[in-house]
Amino acid sequence: MKSLRFISAEAFVSNAEFARKSLGAVAHDLFPLLFKASYLLEQGEVIHDLVENWPLFDFNMGKLLGATLDYQEDLSHRTCSVCLESCLTGLRDYVLNQSPPYMKKLRVVDLTGIKDVEVQFCKCKKTMGRWARTQLLSKLCSELLVYLQQAQCNPGTFEISINVLIDLFVTERNYDLVVKALLKKCSCPLKICCVAFRSDNLIHNVHLEMEHLEMLFNNIHFPVLMSLTLPARTFNVRRFTATDEQMLAHIGEKMGEMTQLTELNMSFSILTGRIQKLLSPLKTPLKILDVSNCSLNHTDMAFLANSFHANHLEALDLSGHNLPELYPSTFFKLLSHCSSVLRSLTLEDCNIQDTHVNMLILGLSPCQKLQEFKFIGNPLSSQALKHLFTFLCELPMLKNVEFPVPRDCYPIGITYPIDDTSLCRYDHQKYERVAEELNLILLQANREDVKASTPLFGIMEAVAQPPYPCASFFCRGKCDN
């Protein structure tokens, strides 16, 4: 529902030429309204001029695009390339325009409220994801600094200081550009402030190595960093030299200086016996930890279970570790310590079998705030899944469950973990019958609010519509024989 104010704002910005000429006569408190209307209509030129002439102290994308009294729809999931490029170039031109410096009140730009989703609804059909936003902002900052050093600018321009909060995504392709912008931030009016840092292999055969990370952390401070995602296979201790050990310790020390860091993702690195070296320097307890497929040993798990992080973990991913066989008591100790705050637990490919279900139920019973439980890839029978689902109905805040295809739906002799070629070679009809029975358990417990699914390849498709609200899913398409 749109208010009359919002409808009027849409009418105003729909004529881009008129709107741009009239901005000087617009009341300052109407700029946020006009910005959201322009974003909805993808009026790139108007967006650019609104940002270039922004009259307020802050520019928060999440708040500007979120639900408002004038228009309830949240637009923060629209990463429209036209709109976002216009925002960033408008920010650059805010610094360069000829307005007197005393009129430029903007101090903080927050881009962290932008939400990246798979399906976009913008008319241009072109998106600007986290990597592209990192690339463009870094490029604009570097170019701005070069221009200011070469041109005859108003001396007051150098007094402008705007903190730009952003979630950075760094790969080898944009590493040099991002580092250059971060190293020069003290001299640039637009100062990149990294809130979440993700370094990754954007495409195959493009790697960001441990050496890059050490150099980055050694030269640049991240005082507001809250989230750190390291690329797969960043660390492999099986091939470590003495120099590598020193580098790992140094990275841990630098992470310890990130006093706001509460989220750490290190999946698919081989970190056997090194978790303490990486995490012990941290001064702030982690709330989100992903160490899936990191080849942790008993020493690593013992450190996690006894660390001060354990009591604060809201999301934990231990996928790819043989929990019942290698360190059952230590794992359940960790689960016990985080049970009062745990919201999301992922235990995929952990060799959880029928004989472990009762123990798992005991471990999960105190987790009354659990909202999400994922355990794809475990060799559990249909009967064990029914037993587990009966218990899961008792967790009051549970909303999402990702469960495996039952072991008895696969041919006899299947080995776990199941390779990709065998993953879909199961009895689909039997699976559908079991899925309906599991959903019936939820229905009879009045838990229609729980979504149960089996996303084998991260793609879910509904089975034939059941006569009850809670649908189950399984992977089709390339799975069909």
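Only a predicted model underlies this, so the values are computations on that prediction, with no experimental measurement involved.
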So does [X] pair up with [Y], basic N to acidic O under 4.0 Å?
X      : Y      : answer
Glu257 : Lys283 : no
Glu73  : Arg78  : yes
Asp317 : Lys374 : no
Glu245 : Lys277 : yes

Enter the distance from [X]:[atom1] to [Y]:[atom2] here, rounded to the nearest 0.5 Å.
X      : Y      : atom1 : atom2 : answer
Leu144 : Arg92  : CG    : CZ    : 8.0 Å
Leu398 : Cys393 : CG    : SG    : 8.5 Å
Phe268 : Cys294 : CZ    : SG    : 8.5 Å
Leu360 : Leu362 : CG    : CG    : 9.0 Å
Ile160 : Leu190 : CD1   : CG    : 8.5 Å
His312 : His337 : NE2   : NE2   : 12.0 Å

Plane angle bin for Phe389 and Phe403 - parallel if under 30°, tilted between 30 and 60°, otherwise perpendicular: perpendicular
Tell me whether the rings of Phe373 and Phe375 are parallel (<30°), tilted (30 to 60°) or perpendicular (>60°). parallel
Just by distance, no angles: are the side chains of [X] and [Y] close enough, under 3.5 Å, to form a donor-acceptor pair?
X      : Y      : value
Tyr410 : Ser422 : no
Ser382 : Asp408 : yes
Asn97  : Lys104 : yes
His387 : Asn358 : yes
Ser267 : Asn293 : no

Pi-cation contact, Trp131 with Arg198 (under 6.0 Å, within 45°): no
Does the ring of Phe57 carry Arg107 above it, NZ/CZ under 6.0 angstrom from centre and within 45° of its axis? no
Can you name the closest pair of heavy atoms from [X] and [Y] and give their distance?
X      : Y      : value
Cys193 : Val224 : CB-CG2, 4.0 Å
Tyr416 : Gly377 : CD2-O, 3.5 Å
Leu304 : Leu279 : CD2-CD1, 3.9 Å
Pro189 : Thr157 : CG-O, 4.0 Å
Val51  : Tyr94  : O-CD1, 3.6 Å

Show the numbers, then the answer: is there a ring pair (Phe, Tyr, Trp, His ring centres under 6.0 Å) between Phe197 and Phe169? CA-CA 6 Å; Phe197 181 90; Phe169 185 0; 9.3 Å; no
List the steps and the verdict of side chain to side chain contact (heavy atoms under 4.5 Å, CB included) for Thr346 and Ser292. CA-CA 9 Å; Thr346 305; Ser292 56; over 6 Å; no
side-chain contact (heavy atoms from CB on, under 4.5 Å), paired with Met226, selected from Glu263, Lys287, Gln260, Met258: Gln260
In a check of side-chain contact (heavy atoms from CB on, under 4.5 Å) between Asp116 and each of Met128, His77, Arg130, which one passes? Arg130
Determine, step by step, whether Ile166 and Leu137 satisfy the side chain to side chain contact (heavy atoms under 4.5 Å, CB included) criterion, reporting the C-alpha distance in whole Å, the side-chain angles of both residues, the deciding distance to 0.1 Å, and the verdict. CA-CA 9 Å; Ile166 185 173; Leu137 179 60; 3.6 Å; yes
Tell me if a side-chain donor or acceptor on [X] pairs with a main-chain N or O of [Y] at a distance below 3.5 Å.
X      : Y      : answer
Lys254 : His221 : no
Ser339 : Cys367 : no
Tyr175 : His212 : yes
Asn174 : Thr171 : yes

Any chance you could lay out the side chain to side chain contact (heavy atoms under 4.5 Å, CB included) test for Ser81 and Thr127, step after step, and finish with the verdict? CA-CA 5 Å; Ser81 181; Thr127 63; 5.9 Å; no
Run the side chain to side chain contact (heavy atoms under 4.5 Å, CB included) check on Met301 and Leu334 step by step: do they pass? CA-CA 8 Å; Met301 193 63 67; Leu334 172 60; 4.0 Å; yes
Not counting sequence neighbours, list each pair that qualifies as a side chain to side chain donor-acceptor pair (under 3.5 Å) and has a residue in residues 294-303. His298-Thr330
